[in-house]
> 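This is the structure, below, for whatever I ask next.
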Protein chains: 2
Amino acid sequence: MIFRQLFDEETSTLTYILVDAVTRDAVIIDPVLGQDKRDLAVLEELNANLKYIAETHIHADHVTGARALKEATGCKFISGVGTGITCGDKLMEEGEIINFGHEVLYAILTPGHTDGCTTYRWRNRLFTGDTLLIGACGRTDFQQGSAERLYESLQKLQSYPDEYLVYPAHDYNNHRVSCIGQEKISNPYLMGLSKEGFIEKMENLNLPNPAKIDVAVPANMVCGADDRGEIDTRVVEHSA
Amino acid sequence: MIFRQLFDEETSTLTYILVDAVTRDAVIIDPVLGQDKRDLAVLEELNANLKYIAETHIHADHVTGARALKEATGCKFISGVGTGITCGDKLMEEGEIINFGHEVLYAILTPGHTDGCTTYRWRNRLFTGDTLLIGACGRTDFQQGSAERLYESLQKLQSYPDEYLVYPAHDYNNHRVSCIGQEKISNPYLMGLSKEGFIEKMENLNLPNPAKIDVAVPANMVCGADDRGEIDTRVVEHSA
């Protein structure tokens, strides 16, 4: 197995590249606009063929780098069915899979931060997007956020074995990996909270909106923007 | 691959069980005295055959559970060549391997906390013992400790890819896993320290001795004690 974790300093976004060691077919999870040259260089170094871009959700804090990667490689774009987008090649239902080489990526629907939030599982690694962060979880105060649904999704993730690794879409505290067991004993959003207690906690966070939300959400709803941040409506037309 | 991480509350020791998924041959890393029934139950649940006990070093804070496991399973005992013990079945040199089923465990000699400290690598997982802890490192103020050698060993571990997972022998802060990349950006014993700065830092920790050191070190030098904590000198005689 070949695995790379990449970090975008500006938005603290973690991007992942998964490669089948035999066929070199690859998946990239949550690429960031402007990092396409970095991502393509890593793929080239690994002699990998990008087959899929997998988005964990419609991000509000950065624009996806999907469009440039799709144009450069001809790969497909997937996200969870709950995103409701029309530009994707496949909207994943619960338990649905994609294959890359001999490897399998599983979709686990984990709504709450947004309707379309999806965790991807590859082997014993969970790519949790903004559903489960290391020592935290995604916010639920905008963009279809639902603390009740997020609570259920966090319960679902805790049903995986303690040793399963947790790789989130963001980290702001120099963490890079956790596991379900670590989160169970240290994440204040998982530990000893009833559903009601969790909802109350989430309703009182009083966070400011992400700086880029007004640009990022519309751009991500159409699978990305170009290098100048402009949304290419052709993507919508082509896929509709 | 099958992997289990176990935690001993009393000594905050992390024990690892690695199993080949096909043949079910297994290795246990750093078992703890008194946890042999737990360990054997996990092995049975996994339908696994214990082939090796691998010790990362001569522990000063707990007695190894090796003796009971060896008696129950007939497995072999390995540790690093620097431990200088005469009771082991194999003392690992740099780069030496053991096979369990189709899987391979590699020895990486990482002296400093003790002379015999050895990191074991299985796939992309590093079992670092007390050499590299999550956000910390082993102490060097007793039992052949050498800050200079530990510095070199920590440099060696940092040469592994950022994505390689770090599984230490202990954690006192509810961490369970890290990776080389995370340690590089967050471990105060790795970041921006010259060899001289590291040695100075280590020389000024002023820690009390571990409570069990006077029992643990002699017992671990002969590959373990029995359930009453008594050292079985037959092990020494048999292997000498």
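In the text below, chain A, chain B and the rest are named by the order of the sequence lines, each starting its count at 1.
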> For the residue pair A/Gln182 and B/Val177, establish whether any side-chain heavy-atom pair is separated by less than 4.5 Å.
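In contact.
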> With rounding to the nearest 0.5 angstrom, report the CD1 to CD distance, B/Ile17 to A/Glu163.
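Rounded to the nearest 0.5 Å, the CD1-CD separation comes out at 9.5 Å.
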> Should the heavy atoms of other residues, nucleotides or ligands under 6.0 Å from CD of B/Glu44 be counted, would the total exceed 12?
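Incorrect, the count does not exceed 12.
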> Distance from B/Cys179 atom SG to A/Tyr167 atom OH, nearest 0.5 Å?
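The distance works out to 6.5 Å.
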> So which part of B/Tyr16 gets closer than 4.5 Å to some heavy atom of chain A, the side chain, the backbone, both or neither?
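B/Tyr16 has no heavy atom closer than 4.5 Å to chain A.
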> What's the spacing between A/Ser178 OG and B/Arg176 CZ if we round to 0.5 Å?
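The CZ atom of B/Arg176 is 10.0 Å from OG of A/Ser178, to the nearest 0.5 Å.
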> Any idea which of A/Asn173, A/Val166, A/Asp162, A/Asn124 has the most non-hydrogen atom pairs under 4.5 angstrom with chain B?
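Counting heavy-atom pairs under 4.5 Å, the top option is A/Asn124.
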> Give a yes or no on whether A/Glu148 atom CD has more than 12 heavy-atom contacts from other residues, nucleotides or ligands under 6.0 Å away.
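It does not: A/Glu148 CD has 12 such atoms or fewer within range.
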> Does CD belonging to A/Gln155 count more than 12 external heavy atoms closer than 6.0 Å?
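Enclosed.
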> Is it true that, when you exclude B/Glu200 itself, more than 12 heavy atoms of the residues, nucleotides or ligands shown sit nearer than 6.0 Å to its CD?
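Open.
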> Shorter than 4.5 Å, heavy atoms on both sides: which option in B/Arg123, B/Glu183, B/Met1, B/Gln5 has the most such pairs with chain A?
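Highest number of heavy-atom pairs under 4.5 Å: B/Gln5.
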> Taking atom NZ as the centre, does A/Lys76 end up with more than 12 heavy-atom neighbours from other residues, nucleotides or ligands that are less than 6.0 angstrom away?
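Open.
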> Where do A/Asn174 and B/Ile185 come nearest, in terms of heavy atoms and distance?
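Shortest heavy-atom contact: ND2-O, 3.4 Å.
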> Is it the side chain or the backbone of B/Arg4 that comes within 4.5 Å of chain A heavy atoms, both, or neither?
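It is both, since atoms from each part get that close.
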